[in-house]
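For ligands, and for the atoms within them, numbers begin at 1 and follow the listed sequence. We use all heavy atoms of the structure for the numbers below, so side chains are in, but hydrogens, waters and symmetry mates are not.
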Amino acid sequence: MRMRTTSTPNRSDSAAFLDPLAAIVGSRHVLTTPDDMAPALTDWRGRYRGRALAVVRPGSTAEVQALVRACLAAGVPMVPQGGNTGLCGGATPDESGRALVIQLGRLNRIRSLDACNHTLVAEAGCCLAAVQAAAREAGLSFPLSLASEGSCQIGGNLSTNAGGVQVLRYGTTRDLVLGIEAVLPNGECWDGLMAVRKNNTGYDLRHLLIGAEGTLGIITAAVLKLFPEPRTRVTAWLGLASPAAATRLLERLQQRFDAHLTAFELICPRALALVRRHIGAVPPLPDAPWHVLCELGDSDVAGALQTRVEAFFPESLAAGDIAEALLARSEGQRQALWRIRENISEAQKREGVSIKHDIALPVSRVPEFLDRIGPRLQQAFAGIRYVAFGHLGDGNLHFNLSMPDAGANAALVARQTEANRIVHDLVHELGGSIAAEHGLGQLKRDEIRRYKSPVELAAMQAIKQALDPAGLMNPGKVL
Ligand SMILES: Cc1cc2nc3c(=O)[nH]c(=O)nc-3n(C[C@H](O)[C@H](O)[C@H](O)COP(=O)(O)OP(=O)(O)OC[C@H]3O[C@@H](n4cnc5c(N)ncnc54)[C@H](O)[C@@H]3O)c2cc1C
């Protein structure tokens, strides 16, 4: 049976397609009522809302494969969904009601852990926090760390090439994956679960699927790299005069501590005011013009790192790089400092609508961006304010725009295209990326065409066409 592709399917078409799906995954894993489907049909920010034929929850790779084959035969678009914490609408179906949302959450087994090889095989639906816990139980660490780690899933992390707070030391998700198992758009299962660190055997499908946002296939499992668990962590909250002082400090910390530096987060005071207002947490160093939260780690317990860091900060104070420093003296204090940082997105969400950007620049150009963007925005939107925070160690900033009067924000958002143009053009001019770690989804699908070369866009289209000629795998996202 091939379903009509231009309009909402009628009831008998739907039943003819959906009934066999119940035989594949079990009828309680085919959700069709509006209430059951609702959480899957909108994104975390509530910005996108879609409709779907059904939400299905396969429990094994074989079931995913059977679902993909059924969709292929009927011409039904598929939307893979993990924890649904993505920030670009990548996991939300469109409004046609024709798509099947395939949730991976039941594929949640840790299949194996090889402590000697420092690897773990996790199914796509494993929650990131569960993978971190499994590694910890073996005395190791899986270093991908995001504020959404209690909800997001490994399949979603791979598909968005998630970043987070430890990229500086361990790289993005792409750097943490040795192998992948995936169901391709033609319904074939590719078992690429090799746990080797060297494998030069032609095109690397793994890297095509990572960051593809579900447009080239459904990831069902992955071989993840593990690392020794840092047994000493030194965490500091610093007050600084400017972003330029922060980049100077970062450079000095890297020269002195190299790979021990695991996180370096820049935070503007407005972001902290939001956390104070909406979360109730009281950030330290209230008078500082800018803030940095940084962390260093060591697998040695002897405390040598702590002593070296304690000697370093007075030098930085004397050199004028920092104005104030607060070192966490207990694990509880450390976690309290991180909670402030990790709650910024939630606080921003509770504050109300804003225009959000997720940009990357060469680290050295971040201060220039922040110096130049303010006047440009003021010229177009008098009184506009920005909240800037993020992973300065990677040159990645979250840069959100709003008006002082919350009532004026709807009008601001209506002019989003204009605001994006100002921000993204400057990012591009400074050699940066308009989508650092959240991906394109549907949010930046059209915007990226302005900044990627036609050569690169054509190559991406050709890859999509080769792997998904029917265009059924997460259509309308990325391309
Ligand atoms: C509070 C908060 C903080 C965040 N912080 C960060 C951060 O620091 N760094 C960062 O990078 N991101 C961050 N994010 C964004 C988000 O958590 C990540 O993008 C995460 O990797 C998404 O995982 P998910 O399982 O929720 O994926 P979903 O939102 O369910 O899906 C994301 C995309 O991946 C696709 N997909 C999902 N599973 C699969 C699969 N198995 N196979 C193929 N495609 C699939 C979907 O179709 C969609 O296109 C944050 C989000 C929130 C809400």
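Contact analysis puts H391 in contact with ligand 1, with a non-hydrogen atom separation below 4.0 angstrom. Not a single heavy atom of G441 lies less than 4.0 angstrom from ligand 1. At a 4.0 Å cut-off, not a single heavy atom of K477 sits close enough to ligand 1 to count as contact. Note on ligand 1: H438 sits in its first shell, one or more heavy atoms being nearer than 4.0 Å. Residue-ligand proximity: S151 is placed with every non-hydrogen atom at 4.0 Å or more from ligand 1. Residue contact annotation: N474 has a non-hydrogen atom under 4.0 Å from ligand 1.
Considering only non-hydrogen protein atoms, atom 52 (C) of ligand 1 sits nearest to S148 CB, 3.7 Å. The nearest heavy-atom contact from the protein to atom 29 (O) of ligand 1 is G86 N, 2.7 Å. Atom 27 (O) of ligand 1 has as its closest protein heavy atom G156 CA, 3.5 Å. Among protein heavy atoms, atom 3 (C) of ligand 1 sits closest to A147 CB, 3.7 Å. Of the protein's heavy atoms, G163 N, 2.8 Å lies nearest to atom 11 (O) of ligand 1. Residue, atom and distance of the protein heavy atom nearest to atom 31 (O) of ligand 1 are A91 CB, 3.7 Å. Protein heavy atom nearest atom 22 (C) of ligand 1, with residue, atom name and distance: T85 OG1, 3.5 Å.
By the 4.0 Å N-to-carboxylate-O rule, R365 lies close enough to E368 to be salt-bridged with it. Using a 4.0 Å cut-off between charged side-chain N and carboxylate O, E181 and R111 make a salt bridge. R206 has a carboxylate O that lies under 4.0 Å from a charged side-chain N of D204, or vice versa, which qualifies the two as a salt bridge.
Side-chain N or O atoms of K225 include none that pairs as donor or acceptor with a backbone N or O of P143 at under 3.5 Å. A side-chain donor-acceptor contact under 3.5 Å links R445 to the backbone of G476.
In plain terms, the two heavy atoms of L224 and A122 that are nearest each other are CD1-CB, 4.1 Å. A135 approaches F142 most closely through the heavy-atom pair CB-N, 3.6 Å.
Looking at H438 and E213, their side chains never bring a donor and an acceptor atom within 3.5 Å of each other. Using a 3.5 Å distance cut-off with no hydrogens or angles, the side chains of E351 and H278 do pair a donor with an acceptor. No donor-acceptor contact under 3.5 angstrom links the side chains of D35 and T33, judged on distance only. Counting only N and O atoms by type, the side chains of D298 and T232 include no donor and acceptor under 3.5 Å apart. No donor-acceptor contact under 3.5 angstrom links the side chains of H29 and E63, judged on distance only. Between the side chains of Y451 and D425, at least one donor-acceptor pair of N or O atoms lies under 3.5 Å.
In terms of N/O distances under 3.5 Å, ligand 1 is not approached by A162. Looking at P80 next to ligand 1, an N or O pair under 3.5 Å apart turns up. Between L104 and ligand 1, not a single N/O pair is under 3.5 Å apart. Close N/O approach between N84 and ligand 1 is found [any backbone or side-chain N/O within under 3.5 Å]. Close N/O approach between G82 and ligand 1 is found [any backbone or side-chain N/O within under 3.5 Å]. At under 3.5 Å, a nitrogen or oxygen of I219, whether backbone or side chain, sits near a nitrogen or oxygen of ligand 1. The shortest N or O to N or O distance between E437 and ligand 1 is under 3.5 Å. For ligand 1, the polar-atom distance check against G83 finds a nitrogen or oxygen pair separated by under 3.5 Å.
At a heavy-atom distance under 4.0 Å, only side-chain atoms of A124, from C-beta outward, approach ligand 1. Heavy atoms of L87 found under 4.0 angstrom from ligand 1 belong exclusively to the side chain.
Annotation: D446, atom CG; neighbour count of heavy atoms from other residues, nucleotides and ligands within 6.0 Å is above 12.
If you take OH on Y48 and CG on L87, they are separated by 11.0 Å, rounding to the nearest 0.5 Å.
One option in I210, L107, T160, N157 has a heavy atom closer to atom 32 (C) of ligand 1 than any other, and that option is T160. When the options G89, S145, S159 are ranked by their closest heavy atom to atom 34 (O) of ligand 1, first place goes to S159.
Under a 4.0 Å criterion applied to the non-hydrogen atoms of G217, ligand 1 contributes the atoms 43 (C). Close approach of ligand 1 to G214 is summarised as follows: ligand atoms under 4.0 Å from at least one heavy atom of the residue are 43 (C), 44 (N). Heavy-atom contacts of G90 reach the following atoms of ligand 1: 47 (O), 48 (C), 49 (O) (cutoff under 4.0 Å).
A heavy-atom distance below 4.5 Å is not found between the side chains of R350 and R277.
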